[in-house]
Amino acid sequence: MTTEPRVLMFPALDSATAAAHLRAELALEVDPDDLVQDLTSDAQGGYVIVETRAPGAFASARIPGAINLPYRDMTPESVSELDRGVVYVCYCESIHCNAATKGALKLAELGFKVKRLSGGIAAWQAAGYPVERDTLALALTAAPSPRCAC
């Protein structure tokens with residue numbers, strides 16, 4: 001008796017449908033490697049990096065150049081000064097946190113173009129990329145690490 005592979009329990013999509021889905025996925029996400037290549041080259045225009053967790057998480061470890069805009073605080077008034085001509089790359093703690101998704105959704109609903117950073121700050125740090133920290137956060141935490149602080 002032959003058992004059907006679990007991988008094939010749901011048939012693969014035809015190539016055109018698969019390509020359209022994957023293209024849409026890439027339109028919504030960026031990975032740490034692509035972002036760091038932009039940040040270390042002259043290809044830095046057209047987007048803003050947004051930490052969507054609480055200010056304490058932003059203080060303890062953030063991607064250089066990121067702004068802090070907690071998703072819980074996003075309102076039409078709080079984002080009224082943001083540039084509508086750029087893409088906002090939202091990130092949070094990791095794949096185990098959905099603050100980036102919530103923040104990107106709120107920004108999109110408010111008329112902004114958005115992407116998410118795959119894996120959040122945890123993936124960024126795991127790749128060995130630099131982070132910024134506030135001096136006070138360093139003094140309060142001996143070994144700062146990313147954690148969900150939504």
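Bear in mind that the values here come from a model prediction, so they are computed numbers and not experimental data.
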Mind listing the closest non-hydrogen atom pair of Ala54 and Pro70 along with its distance?
-> CA-CG, 4.2 Å

Sub-4.5 Å side-chain heavy-atom contact between Thr17 and Ser15 | no

Any chance you could measure Leu110, atom CG, to Glu77, atom CD, to the nearest 0.5 Å?
-> 9.5 Å

When hydrophobic residues are tied together by side-chain contacts of less than 4.5 Å, even through go-betweens, does Val36 share a cluster with Leu117?
-> yes

Hey, quick one: are Val114 and Ile67 part of the same hydrophobic cluster, counting side-chain heavy atoms closer than 4.5 Å, chains of contacts allowed?
-> yes

Take Tyr91 and Thr52, measure what side chain to side chain contact (heavy atoms under 4.5 Å, CB included) needs, and give me the verdict at the end.
-> CA-CA 6 Å; Tyr91 75 92; Thr52 57; over 6 Å; no

Shortest non-hydrogen pair, Ala57 vs Ser60, comes out as O-OG, 3.0 Å

Is there side-chain contact between Arg133 and Val131, with at least one heavy-atom pair below 4.5 Å?
-> yes

With a 4.5 Å heavy-atom cut-off, do Lys115 and Val87 have their side chains touching?
-> yes

Tell me, please, whether Phe58 has Arg53 positioned over its six-membered ring: NZ or CZ under 6.0 Å from the ring centre and within 45 degrees of its axis?
-> no

Out of curiosity, does Tyr71 fall in the hydrophobic cluster containing Val50 (side-chain heavy atoms, cut-off under 4.5 Å, transitive links)?
-> yes

Tyr129 and Asp33, any side-chain heavy atoms less than 4.5 Å apart = yes

With the side chain counted from C-beta on, respond yes when Leu35 and Trp124 share a heavy-atom pair under 4.5 Å apart, and no when they do not.
-> yes

State plainly whether one hydrophobic cluster holds both Leu105 and Leu82, where clusters connect Ile, Leu, Val, Met, Phe, Trp and Tyr through side-chain heavy atoms under 4.5 angstrom apart.
-> no

Here the pair of heavy atoms bringing Ser118 nearest to Pro32 is O-CD, 3.5 Å

Just checking, is any N or O donor in the side chain of Thr101 or Arg116 under 3.5 Å from an acceptor N or O on the other one?
-> yes

Enclosure of Arg84 CZ (heavy-atom neighbours >12, cutoff 6.0 Å) = yes

Is the shortest heavy-atom distance from the side chain of Val79 to the side chain of Leu107 under 4.5 Å?
-> yes

Sub-4.5 Å side-chain heavy-atom contact between Val89 and Val48 = no

Side-chain touch Ile63/Glu51, heavy atoms, less than 4.5 angstrom | no

Hey, could you give me the OH/CG distance between Tyr88 and Leu69, rounded to the nearest 0.5 Å?
-> 9.0 Å

Do you reckon Phe112 sits in the same ILVMFWY cluster as Val86, going by side-chain contacts under 4.5 Å, direct or chained?
-> yes

Nearest heavy atoms of Gly103 and Cys90, plus distance in Å | C-SG, 4.2 Å

So, are Arg62 and Glu132 salt-bridged, with charged N and O less than 4.0 Å apart?
-> yes

